[in-house]
Undergrad: 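Sharing a structure here in structure tokens format.
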Amino acid sequence: MVTDIFSSMVFDDATMEARLPKETYKALQRTIKQGKHLDLSVATVVANAMKDWAIEKGATHFTHWFQPLTGVTAEKHDSFISPKDGGKVIMEFGGKELIQGEPDASSFPSGGLRATFEARGYTAWDATSYAFIKDGVLCIPTVFCSYGGEALDQKTALLRSMEAINRQALRVLKLFGNGDVTSVKTTVGPEQEYFLVDKEQYDKRKDLIYAGRTLFGAMAPKGQELDDHYFGAIKPRVAAYMKDLNDELWKLGILAKTEHNEVAPAQHEMAPIFSTTNIAADHNQLTMELMQKVAKRHGLVCLLHEKPFDGVNGSGKHNNWSISTDTGANLLEPGETPYENAQFLLFLCAVIKAVDEYQDLLRISVASAGNDHRLGANEAPPAIVSMFLGSDLSEILEAIEKDVPYDSREKEVLRIGVHTLPKFQRDATDRNRTSPFAFTGNKFEFRMLGSSESISCANTVLNTTVAEELRQFADVLEGAEDFEAALHDLIRQTIIDHKRIIFNGDGYDASWVEEAERRGLLNLKTTPDALGHMLDQKNIDLFTSHRVYSETELRARHEVKLEGYCKILGIEAQTMLEMVKRDIFPAMSKFTSQLSSAAATKKAVLPEADCSYELETAKAIADLLGEAYRAAGKLEADLEESRGIPEIADIADYFKTTILSDMDALRKSVDAMETMASAEEWPYPSYGEILFGVR
Ligand code: ADP
Ligand code: MG
């Protein structure tokens with residue numbers, strides 16, 4: 001039964017309460033809920049209880065589970081054993097081991113924060129995220145930092161950003177008389193898209209193996225044009241996979257809720273019920289890991305790449321984000337009373353202002369080589385950041401801005417803090433899937449995230465930028481003589497200043513690109529373009545003033561992002577060269593000679609026979625082969641050239657312009673050959689076989 005297995009592998013609250021002495025449990029709760037320091041004596045008792053519990057569940061090892069800047073999780077296992085007299089061992093796990101670890105971490109990306117001679121990195125327990133058992137290992141969620149205390153992971157900044165928004169939101173809430181609220185947290189429900197392909201076919205494609213996406217491949221006769229896959233009946237093999245996946249996720253306390261087929265053939269989605277942001281981030285990492293692991297058991301491979309196939313949709317993550325209080329209120333839920341409404345509008349305005357002023361950071365937070373294939377490439381949301389509010393809410397804002405009645409039948413203009421907001425519809429066009437940042441009734445859906453990336457970075461930016469706007473609002477309102485008048489003016493002015501970011505139309509439409517430009521919105525098409533803004537003074541000021549990143553940390557992350565981009569493109573280019581040189585060119589050379597000899601034989605035996613297929617195909621392929629050969633030569637020479645560029649930002653630019661266009665040119669002639677080559681001679685499974693191969 002689901003209720004029996006749910007959270008069975010998690011040292012969750014109920015387990016803690018059952019297994020810890022009352023005082024220890026209470027002390028730990030204070031750490032979890034209020035961030036109070038945890039005494040070593042308390043940690044020792046917790047560690048011991050955790051160990052006993054884990055051993056009962058079959059665990060033999062423990063690990064500090066963390067999220068380095070690689071985008072995947074890291075773990076180094078230590079067994080519980082400790083030698084005892086007489087050659088025996090006992091199972092031990094101390095408070096110190098629970099609280100802190102010291103992995104040799106020299107090989108994780110640090111953006112220059114940690115020279116390899118100072119390889120020590122520290123991990124420290126994040127008690128707000130429960131420990132869990134995975135593959136016989138007790139996993140303790142931890143943060144990861146350098147000897148000097150700089151964050152080397154995704155979690156530290158995310159936790160700091162949650163503190164930042166907590167601080168500022170509490171100030172604002174106090175002004176509205178919410179004295180009972182003691183903590184504010186953001187919540188996230190990340191919808192995860194993925195592809196499933198057959199493992200046998202995957203194993204035959206070097207590009208999928210090395211790059212996670214196809215680097216060659218002519219489109220199949222059928223793609224997604226019939227929309228017959230979206231929400232379609234789930235094939236038995238996929239259904240079995242989903243069932244198995246759900247079981248694994250549930251055991252880890254992950255609230256897997258919705259599953260369905262997505263738009264592209266072989267594409268699917270899983271959405272969990274939302275939770276606190278840092279838990280959601282941990283759970284999303286685990287979800288991605290399990291999606292891949294469970295697939296193997298079913299003879300499948302789960303592709304998390306943003307764009308595994310050209311010509312059909314890529315995969316993203318929809319990050320549903322909201323802000324809620326420990327008293328159970330969702331601050332992005334329009335209220336019933338005038339005061340609640342005013343508060344809602346103020347939080348809404350904070351988000352509007354944040355998205356407008358930090359478009360660049362939001363774009364940067366989702367920037368990766370993989371995601372560049374989606375954003376700005378006529379699918380998913382465009383690279384331009386804008387907000388969708390729906391027509392009703394937009395009209396309310398317009399009425400406030402213009403000081404006119406919202407409803408023409410009414411005479412009175414809306415006074416914030418006095419009047420109740422008119423009930424507005426959760427806009428039916430909330431299915432406007434082209435908006436990168438859509439209000440969906442009581443939360444925002446940030447849709448630009450790539451499917452393979454950690455959600456931490458995007459949420460760190462969201463939390464921090466909104467915290468900054470709330471800080472500014474609180475500064476104004478705390479000093480106001482007439483609170484209601486100041487509030488009204490603040491909301492009205494924010495709408496006037498930032499309405500350019502609101503766009504309810506079709507984000508795929510070419511006219512939007514021009515319109516956005518007229519409005520002065522950014523259109524950062526590629527990762528290097530976006531990263532060019534990361535270290536702008538306003539961004540450094542933002543992160544340092546809220547103590548989310550120090551300037552050093554921010555510079556390090558900039559470096560890591562640029563390096564990651566270059567490394568990925570480098571691997572892709574090398575993979576293409578290996579594929580053409582070792583497989584495709586020899587196969588096509590052989591195929592042309594087969595055709596030529598077939599034609600020669602035919603002519604000899606049947607002098608009158610028509611040999612146009614053999615001769616014309618041989619000629620066309622030979623021409624394309626020559627073209628592709630030269631394109632490969634150029635790619636190789638340009639790659640060599642890139643090795644001489646000293647600055648990482650310049651290498652990234654060079655990859656973006658020269659290398660990517662070399663890769664495109666090579667792919668073009670190779671894909672053209674594929675459409676003419678015999679299926680038998682083509683060295684790789686085709687798009688059709690892969691996309692429709694899972695039956
Ligand atoms: P809709 O269908 O309107 O998009 P759903 O209720 O299906 O909304 O939710 C989509 C995702 O948003 C789910 O993962 C859900 O858990 C999440 N979600 C719902 N409410 C919130 C909230 N307050 N904060 C964060 N995520 C939320
Ligand atoms: Mg979706």
Side-chain angles (χ1 to χ4, degrees), residues 6 158 161-162 165-166 169 173 181 183-194 230-231 242 245-246 249-250 252-263 268-288 291 315-335 340 343-344 347-348 350-351 354-355 380-381 387-393 424-449 451 454-456 458-463 466-467 504:
F6 190 81
L158 181 63
S161 74
M162 290 178 68
I165 196 165
N166 176 51
L173 287 175
V181 176
S183 105
V184 171
K185 288 193 166 126
T186 55
T187 50
V188 166
E191 304 167 34
Q192 175 75 45
E193 292 180 340
Y194 61 97
Y230 189 53
F231 282 24
M242 287 177 171
L245 175 65
N246 284 336
L249 295 174
W250 288 333
L252 291 178
I254 298 170
L255 295 157
K257 174 82 175 165
T258 313
E259 57 200 20
H260 61 81
N261 286 348
E262 259 298 333
V263 172
H268 313 278
E269 179 180 298
M270 193 285 285
I273 296 172
F274 69 97
S275 50
T276 307
T277 304
N278 81 311
I279 310 262
D282 284 0
H283 282 179
N284 184 249
Q285 291 298 135
L286 281 172
T287 300
M288 290 194 284
M291 280 181 163
S315 301
K317 267 195 257 248
H318 290 177
N319 190 83
N320 294 275
W321 179 91
S322 192
I323 322 171
S324 59
T325 67
D326 59 343
T327 51
N330 176 353
L331 299 174
L332 293 179
E333 177 93 50
E340 282 170 4
Q343 186 183 296
F344 160 73
F347 277 93
L348 181 75
V351 182
V355 175
M387 272 172 118
F388 171 85
L389 294 182
S391 50
D392 278 21
L393 189 53
F424 61 87
Q425 295 282 316
R426 249 178 117 162
D427 204 294
T429 49
D430 137 29
R431 293 297 152 216
N432 176 336
R433 303 185 140 261
T434 66
S435 176
F437 204 94
F439 184 67
T440 53
N442 60 1
K443 61 185 182 292
F444 277 99
E445 190 169 333
F446 184 25
R447 296 176 174 148
M448 291 173 100
L449 286 77
S451 49
S454 158
I455 63 168
S456 296
N459 286 294
T460 300
V461 168
L462 266 173
N463 293 343
V466 175
N504 293 322

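Start at 1 and go down the list; that is how both ligands and their atoms are numbered. This one's a predicted model, so the numbers in the text were calculated from it and none came from an experiment.
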Undergrad: Out of Asn330, Thr277, Thr440, Leu331, whose heavy atom sits nearest atom 23 (N) of ligand 1?
TA: Asn330
Undergrad: Scan side-chain atoms only and decide if Asn320 and Glu191 contain a donor-acceptor pair under the 3.5 Å cut-off.
TA: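 A pair is found: one side chain offers a donor N or O, the other an acceptor, under 3.5 Å apart.
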Undergrad: Report yes if the side chains of Phe388 and Phe439 come closer than 4.5 Å at any heavy-atom pair, otherwise no.
TA: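 When only atoms from C-beta onward are counted, Phe439 and Phe388 do not touch, as no gap falls below 4.5 Å.
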Undergrad: Return yes or no for this condition: an N or O of Lys443 is under 3.5 Å from an N or O of ligand 1.
TA: yes
Undergrad: Would you please test Thr277 and Asn459 for side chain to side chain donor-acceptor pair (under 3.5 Å) and show each step?
TA: CA-CA 8 Å; Thr277 304; Asn459 286 294; 5.1 Å; no
Undergrad: Would you check if there is a donor-acceptor pair between the side chains of Lys443 and Asn330 at a distance under 3.5 Å?
TA: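 There is no such pair between these side chains.
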Undergrad: Any nitrogen or oxygen of Phe274 lying under 3.5 Å from a nitrogen or oxygen in ligand 1? Just yes or no.
TA: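 Yes, at least one N or O pair falls under 3.5 Å.
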Undergrad: Could you list the atoms of ligand 1 found under 4.0 angstrom from a heavy atom of Ile273?
TA: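 So the atoms of ligand 1 that pass are 16 (O).
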Undergrad: Output yes when a side-chain donor or acceptor of Glu193 lies under 3.5 Å from a complementary backbone atom of Gly316, and no otherwise.
TA: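 Yes.
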Undergrad: If the cut-off is 4.0 Å to any non-hydrogen atom of Pro272, which atoms of ligand 1 fall inside it?
TA: 13 (C), 14 (O), 16 (O)
